[in-house]
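Reading through the structure tokens given below for one structure.
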Amino acid sequence: MISLKIVTWNINSVRLRIGLVAKFLAEFKPDILCLQETKCPNDKFPEEPFKALGYGHIAFFGQKGYHGVATVSRIPIDSQNRRDFCNKGDARYLATTFSSEGAFAPVTVHNFYVPAGGDVPDVNANPKFAHKLEFIDEMTRCFSAGGDLATERQVLVGDLNIAPHQNDVWSHKQLLKVVSHTPVEVERLGKLQAAGRWHDVVRTHIPTDTKLFTWWSYRSRDWRSSNRGRRLDHIWASAALEGRSSNVRVIDAVRDWERPSDHAPVLAEFDVS
DNA sequence: ATGGTCGGCAACCGA
């Protein structure tokens with residue numbers, strides 16, 4: 001069996017938290033780490049610390065100040081693909097393909113940072129919310145039958161900034177009008193999932209009757225006791241890989257490390273042999 | 001009902 005351990009983590013500045021990332025890699029040893037919100041221009045990406053830890057294969061798509069995604073790996077990156085969704089000049093999507101030099105059939109990992117969407121869930125009053133929905137719709141077109149990103153063995157990870165199920169938020173009722181859990185967003189995400197025939201690998205292993213969060217706001221004194229979280233970070237897989245997934249978990253202990261990101265890493269393992 | 005905290009980068013924007 002050849003196993004691929006994949007982690008997605010919104011790091012909220014890769015340069016500020018490079019020490020946390022190093023600690024995480026040493027402890028959990030994923031094969032592939034997908035980061036979002038790197039907030040790091042390409043010419044300033046901290047490649048050396050990753051290389052020193054054995055993660056010598058690095059792809060990044062960043063910009064100054066905001067957004068940015070990166071995928072770092074212990075195994076070679078066969079190819080990579082950046083794309084400017086919604087043509088706004090935002091660095092929010094990076095795909096990488098792996099085969100370990102032919103040891104297994106190619107697997108493509110799509111790493112997304114979907115726009116948060118601002119505060120008001122109204123496309124007319126709030127251009128950021130309109131942008132978020134347009135971004136999801138463009139994803140849907142790309143992964144539909146005949147779409148240019150559809151392949152057979154693929155994983156989609158990232159901060160999708162939507163918590164679809166009732167138990168993906170601390171209070172379904174209180175968050176129905178809060179951006180990230182509104183019915184219009186949940187419906188759009190469902191369309192993307194259906195069009196791309198994606199399987200929510202995390203909910204395959206941790207059923208929807210269980211509360212599960214990956215993000216807790218900085219604006220609370222004690223995030224764990226108040227536990228007002230949301231599941232914004234996701235790992236999806238195509239049918240070919242969903243049945244080969246295991247070891248799925250949210251590593252929430254990391255949210256308690258010193259100067260943490262407000263997001264916790266999400267981990268899944270796939271038998272790719 | 002409201003405000004609460006971060007990071008980047010140099011006044012606020014985005015989350």
Side-chain angles (χ1 to χ4, degrees), chain A residues 8-24 34-46 49 60-70 84-93 111-123 125-136 157-164 168-171 173-182 184-186 189 213-234 250 252 254-266:
Chain A
T8 181
W9 190 10
N10 178 319
I11 193 61
N12 189 15
S13 174
V14 67
R15 284 177 289 176
L16 186 73
R17 283 185 240 286
I18 190 66
L20 279 196
V21 177
K23 182 180 173 183
F24 178 84
C34 297
L35 297 169
Q36 302 86 35
E37 273 208 276
T38 53
K39 295 186 174 178
C40 180
N42 293 326
D43 62 353
K44 297 207 167 65
F45 193 87
F60 41 75
F61 182 25
Q63 63 185 96
K64 187 179 176 183
Y66 309 105
H67 322 314
V69 286
D84 177 6
F85 278 77
C86 298
N87 285 311
K88 288 176 69 81
D90 285 358
R92 295 178 178 273
Y93 169 74
N111 179 0
F112 277 99
Y113 177 46
V114 172
D119 291 329
V120 182
D122 178 333
V123 292
N126 175 14
K128 289 181 193 170
F129 193 69
H131 176 212
K132 182 177 195 174
L133 297 184
E134 282 161 19
F135 194 103
I136 297 281
V157 308
D159 179 0
L160 305 185
N161 266 312
I162 298 174
D168 292 342
V169 292
W170 64 275
S171 167
K173 197 178 168 189
Q174 287 179 257
L175 284 164
L176 273 171
K177 290 179 179 170
V178 174
V179 172
S180 72
H181 191 62
T182 64
V184 60
E185 290 168 89
V186 172
L189 194 72
F213 313 139
T214 66
W215 172 88
W216 295 262
S217 171
Y218 285 123
R219 300 172 188 175
S220 76
R221 281 194 214 109
D222 185 340
W223 69 275
R224 201 184 273 284
S225 68
S226 64
N227 200 25
R228 294 188 169 192
R230 305 177 203 170
R231 189 171 72 104
L232 304 178
D233 304 274
H234 298 267
V250 177
D252 59 359
V254 173
R255 184 66 178 76
D256 266 335
W257 289 1
E258 196 181 343
R259 283 197 93 178
S261 166
D262 44 357
H263 296 253
V266 185

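Remember, it's a predicted structure, so these values are computed and weren't measured experimentally. In what follows, chains are A, B, ... by sequence order, proteins preceding strands, each numbered from 1.
Of the candidates A:Gln36, A:Arg17, A:Arg259, A:Arg17 is the only one forming a side chain to side chain contact (heavy atoms under 4.5 Å, CB included) with A:Asn12.
One can place NZ of A:Lys177 at 11 Å from P of B:dA1, the figure rounded to the nearest angstrom. One atom, CZ of A:Phe45, and another, P of B:dG8, lie 14 Å apart when rounded to the nearest Å. Across the protein-nucleic acid pair, A:Trp223 atom CH2 and B:dC6 atom P stand 15 Å apart, rounded to whole Å. Taking atom CG of residue A:Asn10 and atom P of nucleotide B:dG7, one finds them 12 Å apart after rounding to whole Å. Rounded to whole Å, atom C1' of B:dC6 lies 17 Å from atom CZ of A:Arg221. Distance A:Gln63 CD to B:dA15 P: 10 Å, rounded to the nearest Å. Protein atom CG of A:Asp119 is 13 Å distant from nucleotide atom C1' of B:dG3, rounded to whole Å. Atom C1' of nucleotide B:dA15 and atom NZ of A:Lys132 are separated by 11 Å, given to the nearest angstrom.
Partners of A:Asn161 by side chain to side chain donor-acceptor pair (under 3.5 Å), not counting sequence neighbours: none found. Annotation: side chain to side chain donor-acceptor pair (under 3.5 Å) contacts of A:Thr38 (sequence neighbours excluded): none. A:Arg255 is linked by a side chain to side chain donor-acceptor pair (under 3.5 Å) to nothing, counting only residues two or more places apart in sequence or in another chain. Considering only residues two or more places apart in sequence or on other chains, A:Ala163 meets the side-chain contact (heavy atoms from CB on, under 4.5 Å) condition with A:Asp168, A:Val169, A:His181, A:Arg230, A:Leu232. When the side chain to side chain donor-acceptor pair (under 3.5 Å) test is applied to A:Asp90, the partners found at least two apart in sequence or on another chain are A:Arg92.
Here, B:dA15 and B:dA1 have their C1' atoms 22 Å apart, quoted to the whole Å. Here, B:dA10 and B:dG14 have their P atoms 15 Å apart, quoted to the whole Å.
Mapping A:His263 and A:Thr38 onto DNA chain B by nearest heavy atom places A:Thr38 closer to the 5' end of the strand. Mapping A:Gly117 and A:Leu16 onto DNA chain B via the closest heavy atom, the residue that lands nearer the 5' end is A:Leu16.
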Exercise for review: Could you check A:Asp252 against A:Trp216 for side chain to side chain contact (heavy atoms under 4.5 Å, CB included), going step by step and ending with a plain yes or no?
Suggested key: CA-CA 10 Å; A:Asp252 59 359; A:Trp216 295 262; 3.9 Å; yes
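No contact: A:Arg228 has no heavy atom under 4.0 Å from any strand.
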Which atoms of nucleotides 12-14 of chain B (N or O only) lie under 3.5 Å from a protein N or O atom, and what are those distances?
{"unit_1": "B:dG14", "atom_1": "OP2", "unit_2": "A:Lys128", "atom_2": "NZ", "d": "3.3"}

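Residue A:Ser220 has no polar side-chain atom (N or O) positioned under 4.0 Å from OP1 or OP2 of B:dG4.
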